K.L.:
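Starting off with a structure, shown below.
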Amino acid sequence: MRRTRYIYGNKGFTLLEMIIVLFLISLILGIATIFFANALPSNQFNATVRNISATIRQARSLAQIHNKNQTVTIDLDSRIYDLSGRPPREIPSGISVKVIDPMLGEILEGKYRFTLYPSGVMEGGTVVLWSSKKKASIAMDPVVGTIVIK
């Protein structure tokens, strides 16, 4: 008979220890998945707000560079927005949009056009976007031509 003596005692893990470790790993992964799944709509909302404001800023720059009026159109029915001569971009589902015009008030349907002039001034109202968790408005100063996201 041969006896084997272990220096560190029994080597290896018991089945119970393995089950506990696997349970903890799956619990952590589950919580992380839920966290990231909830963060995706928020990131999509922020990206849409940034893209619309960037499109308006780009139109202003193009108007000044080319010395020609530029138009940004928001189609509230089709849920797209575009800069004249550029491919349209879609407003993702789950994000609602309206325009508040200084003369006409709230606009919830149809097409709304922002005109940007070579002098840097613009005509248009405020774009309001909202989802179930967030709300943002893209306000334009018609005199100075700046865009403010609130």
Side-chain angles (χ1 to χ4, degrees), residues 11-150:
K11 291 189 177 186
F13 299 106
T14 66
L15 182 61
L16 181 61
E17 291 171 331
M18 291 297 288
I19 290 173
I20 291 172
V21 168
L22 289 175
F23 173 76
L24 290 174
I25 289 172
S26 63
L27 182 67
I28 291 169
L29 287 175
I31 291 172
T33 303
I34 291 170
F35 173 75
F36 286 119
N38 287 336
L40 285 178
S42 177
N43 289 340
Q44 189 177 37
F45 179 83
N46 292 339
T48 303
V49 171
R50 283 192 311 269
N51 286 337
I52 291 174
S53 65
T55 301
I56 296 168
R57 285 187 184 110
Q58 181 184 18
R60 181 175 182 251
S61 296
L62 288 173
Q64 291 174 329
I65 290 169
H66 298 296
N67 201 25
K68 183 179 173 187
N69 293 353
Q70 296 290 321
T71 304
V72 175
T73 305
I74 297 180
D75 190 341
L76 300 166
D77 298 327
S78 300
R79 303 181 50 77
I80 59 172
Y81 61 97
D82 67 342
L83 172 59
S84 52
R86 306 275 193 259
R89 297 182 120 182
E90 189 174 326
I91 298 171
S93 60
I95 298 175
S96 301
V97 62
K98 69 179 176 182
V99 178
I100 301 174
D101 185 82
M103 303 295 271
L104 303 173
E106 260 186 26
I107 299 172
L108 296 166
E109 56 187 24
K111 291 185 179 182
Y112 189 83
R113 290 178 176 80
F114 297 93
T115 305
L116 296 102
Y117 297 100
S119 61
V121 299
M122 58 182 75
E123 286 181 0
T126 301
V127 180
V128 180
L129 296 126
W130 71 94
S131 67
S132 60
K133 296 182 181 180
K134 285 186 153 188
K135 182 178 180 181
S137 61
I138 304 169
M140 288 154 263
D141 186 340
V143 177
V144 181
T146 58
I147 298 167
V148 179
I149 299 173
K150 299 177 188 173

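Nothing here was measured: the structure is a model prediction, and the numbers come from that model.
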K.L.:
State which residues pass side-chain contact (heavy atoms from CB on, under 4.5 Å) with Ser96; sequence neighbours excluded, sorted by chain then number.
P.N.:
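side-chain contact (heavy atoms from CB on, under 4.5 Å) check on Ser96 returns Trp130.
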K.L.:
If I compare all heavy atoms of Ser84 with all of Gln70, which pair ends up nearest, and what's the gap?
P.N.:
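Minimum heavy-atom contact is OG-OE1, 3.6 Å.
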K.L.:
Under 3.5 Å, is there a donor-acceptor pair between the side chain of Asn69 and the main chain of Tyr117?
P.N.:
no
K.L.:
Kindly write out the residues that satisfy side chain to side chain donor-acceptor pair (under 3.5 Å) with Gln64, not counting sequence neighbours, or none if the list is empty.
P.N.:
none
K.L.:
Quick one: are Leu129 and Ile138 in side-chain contact, heavy atoms under 4.5 Å?
P.N.:
yes
K.L.:
Is there a donor-acceptor pair under 3.5 Å between the side chain of Arg79 and the backbone N or O of Glu90?
P.N.:
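Checking the backbone N and O of Glu90 against the side chain of Arg79, no donor-acceptor pair under 3.5 Å is found.
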K.L.:
Would you compute the distance between atom OG1 of Thr126 and atom NZ of Lys150 and round it to the nearest 0.5 angstrom?
P.N.:
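Reported to 0.5 Å precision, the distance equals 7.0 Å.
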K.L.:
What are the two closest heavy atoms between Ile80 and Pro88, and how far apart are they?
P.N.:
CD1-CB, 4.1 Å
K.L.:
Just verifying a value: how many Å separate Asn51 CG and Ile91 CD1, rounded to the nearest 0.5 Å?
P.N.:
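Reported value, rounded in 0.5 Å steps: 10.5 Å.
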K.L.:
Do any N or O atoms from the side chain of Arg89 and from the backbone of Tyr81 form a donor-acceptor pair under 3.5 angstrom?
P.N.:
no
K.L.:
What are the two closest non-hydrogen atoms of Ser131 and Gly94, and how far apart are they?
P.N.:
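Heavy-atom minimum between the residues: CB-O, 3.5 Å.
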K.L.:
In Å and rounded to the nearest 0.5 Å, what is the NZ to OG distance from Lys133 to Ser42?
P.N.:
7.5 Å
K.L.:
Within the 4.5 Å heavy-atom criterion, are His66 and Leu62 side-chain neighbours or not?
P.N.:
yes
K.L.:
Asp77 and Gly110: which non-hydrogen atoms are nearest, and at how many Å?
P.N.:
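Scanning both residues, the minimum pair turns out to be OD2-N, 3.1 Å.
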K.L.:
Are Glu106 and Val128 close enough that some pair of their side-chain heavy atoms sits under 4.5 Å apart?
P.N.:
no
K.L.:
Any side-chain heavy-atom pair from Met140 and Leu116 closer than 4.5 angstrom?
P.N.:
no
K.L.:
Can you tell me how far the CE atom of Met122 sits from the CZ atom of Arg57, to the nearest 0.5 Å?
P.N.:
9.0 Å
K.L.:
Determine whether Leu108 and Leu76 make a side-chain contact, defined as any pair of heavy atoms from C-beta on separated by less than 4.5 Å.
P.N.:
no
K.L.:
With rounding to the nearest 0.5 Å, note down the distance linking OG in Ser78 to NZ in Lys111.
P.N.:
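Here the interatomic distance stands at 7.0 Å.
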K.L.:
Give me the atom names and distance for the closest heavy-atom approach of Ile147 to Ser53.
P.N.:
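Smallest interatomic distance, heavy atoms only, reads CD1-O, 3.9 Å.
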K.L.:
Under the criterion side chain to side chain contact (heavy atoms under 4.5 Å, CB included), I'd like the reasoning laid out for Asn46 against Lys134: C-alpha separation, chi angles, the key distance, then a yes or no.
P.N.:
CA-CA 9 Å; Asn46 292 339; Lys134 285 186 153 188; 3.0 Å; yes
K.L.:
If you count the non-hydrogen atoms of other residues, nucleotides and ligands that lie under 6.0 Å from CD in Glu17, is the total more than 12?
P.N.:
yes
K.L.:
So which heavy atom on Thr71 is nearest to which on Thr73, and how close?
P.N.:
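Between these two residues, the closest heavy atoms are CG2-OG1, 3.9 Å.
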K.L.:
Measure the OG1-CG distance between Thr48 and Asn43 for me, rounded to the nearest 0.5 Å.
P.N.:
10.5 Å
